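Remarks on the structure that follows.
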Amino acid sequence: MNVSFVQEDRYTFRIPRKGKMRADAVFFASKRILAHLESENYASLVQLMNVATLPGIVEPALAMPDIHWGYGFPIGGVAAFDPEAGGVVSPGGVGFDINCGVRLLASGLERRDLEPRKAWLADRLYERVPAGVGSKRRDVKLNRRSLARVLEEGAGWVVRQGWGEADDLDHIESGGRLAGADPGRVSERAYERGLPQLGTLGSGNHFLEVQYVEQVYDPEVAAAFGLREDQVTVLIHTGSRGLGHQVCQDHVQKFLQVAPKYGIELVDRQLAAAPIESPEGRAYLGAMAAAANYAFANRQLITHYVREAFEAAGFAPRDHALRVVYDLAHNNAKFETHGGRRVLVHRKGATRAFGPGASDLPPAYAAVGQPVLVPGDMGRYSYVLVGTAGAMEKSFGSSCHGAGRVLSRARSKKQVKGRDLVRELAEAGIELRAVSRRTVAEEAPEAYKDVAEVVQVVEGAGLGRRVARLRPVIVVKG
DNA sequence: ATGTTC
């Protein structure tokens with residue numbers, strides 16, 4: 001497909017509807033990001049145009065500046081569908097790792113308190129949070145019944161077991177529990193995969209980081225979020241592990257079978273979709289919400305073990321209490337009201353970024369907007385942004401979710417071959433503990449865009465504002 | 001992302 005777009009302002013580009021597209025597509029990019037998209041023959045923009053062909057889409061189909069090629073929908077994609085206009089739900093618009101997301105914790109410690117115990121703390125974290133492909137916990141015994149409750153109740157179930165505080169739940173998107181979860185729509189195989197994995201990190205770009213606040217850009221909003229310069233923070237990035245993956249796989253298969261029945265023409269099989277108001281659509285949404293709750297519970301349980309690790313590293317109770325700043329998802333589909341319409345917003349590698357006065361914000365954040373957590377790569381930095389009115393107007397209340405790759409996994413491995421990344425990072429003051437050398441090579445800092453560039457576009461386009469930058473000191477990887 | 005090709 002030929003990609004032609006018009007530049008609307010410095011960072012906003014529009015692909016006018018053509019061919020089978022039912023809506024325009026809009027993406028946000030700098031000159032450099034645009035050059036990168038061109039170097040890939042606009043493959044991810046073609047995916048965005050494909051999304052715009054789906055029934056019931058509410059204009060426009062959107063992509064954030066960290067857009068890259070994904071399964072069906074591009075990663076960094078946002079698409080809203082109207083259930084009353086034949087709108088669809090698509091597992092490819094959510095992603096395989098359902099409710100993958102990030103949680104930021106704030107400690108009472110300062111950077112200098114951490115330095116003497118950095119290596120020791122890194123070891124304690126690595127011990128207590130299993131990482132890697134297929135990682136399991138042996139110390140948390142779930143059975144099928146208790147797992148069904150996790151799927152219904154999300155992070156709240158974990159807190160009620162004694163692994164966390166009620167206050168934690170007040171600082172999670174949707175209270176750590178997505179409505180409409182239907183554990184009965186989760187397959188036996190998904191249950192089996194989920195049983196031993198609650199409280200594990202996984203692999204790939206998932207991580208656990210200890211950081212410090214290197215720079216504050218907006219002191220007023222930072223204060224509302226409880227962040228200050230030199231403060232030690234923890235960032236957890238993980239999702240619904242094998243359970244969510246299995247849910248996605250099961251329902252994609254089902255959707256492909258029923259697509260002809262609903263007359264949905266798919267320009268790409270990976271866009272497999274069913275009407276929101278159909279038995280299959282509702283089944284997926286019920287299973288997706290259940291997997292989302294597993295992911296919220298996973299980040300909550302990991303938080304418990306992170307607190308234990310800080311305690312074991314000898315930090316005082318007031319310092320290892322680790323307050324939850326926010327926990328938010330970047331892979332899901334949610335019913336929200338935009339422009340007076342109730343729509344199903346798919347965010348795949350895109351973060352909710354509600355502005356001041358929006359619904360579902362903790363009281364302390366209501367006046368300023370929600371925290372938007374944007375991880376970078378393990379060698380540079382991550383950002384905390386705040387949601388804006390601009391995001392509500394332009395992007396269904398959405399923003400970017402990270403840096404986005406510039407190198408494929410294979411190219412990254414080839415490029416860093418022979419180098420000792422663990423030592424390189426140590427020399428830069430970052431303690432890395434990783435299960436697999438291969439993951440480290442695939443996740444090398446240079447495999448990612450500079451997240452500062454992505455954030456600059458987001459801010460320039462009015463989709464979020466910088467609040468603080470976080471510098472890693474300990475990284476745990478799969 | 002993923003018991004990394006059920």
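Everything quoted here is computed from the prediction, not taken from an experiment. In what follows, every heavy atom counts, from backbone to side chain, and hydrogens, waters and symmetry copies are set aside. Throughout, protein chains are lettered first and strands after them, A, B, ... in sequence-line order, and every chain is numbered starting at 1.
Residue A:Glu192 is classed as having no contact, given no heavy-atom separation below 4.0 Å to the nucleic acid. Nucleic acid contact class of A:Ser203 (heavy atoms, under 4.0 Å, all strands): sugar-phosphate only. Among the heavy atoms of the strands lying under 4.0 Å from A:Gly204 are primed sugar atoms or P, OP1, OP2 only; no base atom is included. Across all strands shown, A:Gly242 has heavy atoms under 4.0 Å from sugar-phosphate atoms exclusively, and none from any base.
Counting to the nearest Å, the P atom of B:dT2 and the CG atom of A:Asp250 are 16 Å from each other. Whole-Å rounding puts the A:His251 NE2 to B:dT2 C1' distance at 17 Å. The distance between atom CD of A:Glu188 and atom C1' of B:dC6, rounded to the nearest whole Å, is 17 Å. If you measure from atom CD of A:Gln197 to atom C1' of B:dT4, you get 13 Å, rounded to the nearest angstrom. The distance from atom CD of A:Gln253 to atom P of B:dC6 is 13 Å, rounded to the nearest whole Å. For A:His245 and B:dT4, the NE2 to P distance is 9 Å, given to the nearest whole Å. Note: CD1 (A:Ile98) to P (B:dT2) measures 12 Å, nearest angstrom. Rounding to whole angstrom units, OH of residue A:Tyr71 and P of B:dT5 are separated by 15 Å.
Figure legend: cation-pi geometry between A:Arg405 and A:Tyr448, with NZ or CZ positioned under 6.0 Å from the six-membered ring centre and within 45° of its axis.
Closest to the A:Arg189 side chain, of the nucleotides B:dT2, B:dC6, B:dT4, is B:dC6.
Rounded to the nearest 0.5 Å, atoms CG (A:Leu34) and CZ (A:Phe13) are 5.0 Å apart.
In terms of the salt bridge (charged side-chain N to carboxylate O under 4.0 Å, His left out) criterion, A:Glu209 has no residue partners (sequence neighbours excluded).
In this model, the phosphate group of B:dT2 is approached by a side-chain N or O of A:Arg241 to a distance below 4.0 Å at OP1 or OP2.
The nearest heavy atom of DNA chain B to A:Glu443 and to A:Arg438 marks one nucleotide each, and the one closer to the 5' end goes with A:Glu443.
Side chains of A:Arg352 and A:Gln370: a donor on one and an acceptor on the other come within 3.5 Å.
Residues A:Lys413 and A:Glu442 are paired through a salt bridge, judged by an N-O separation under 4.0 Å between the basic side chain and the carboxylate.
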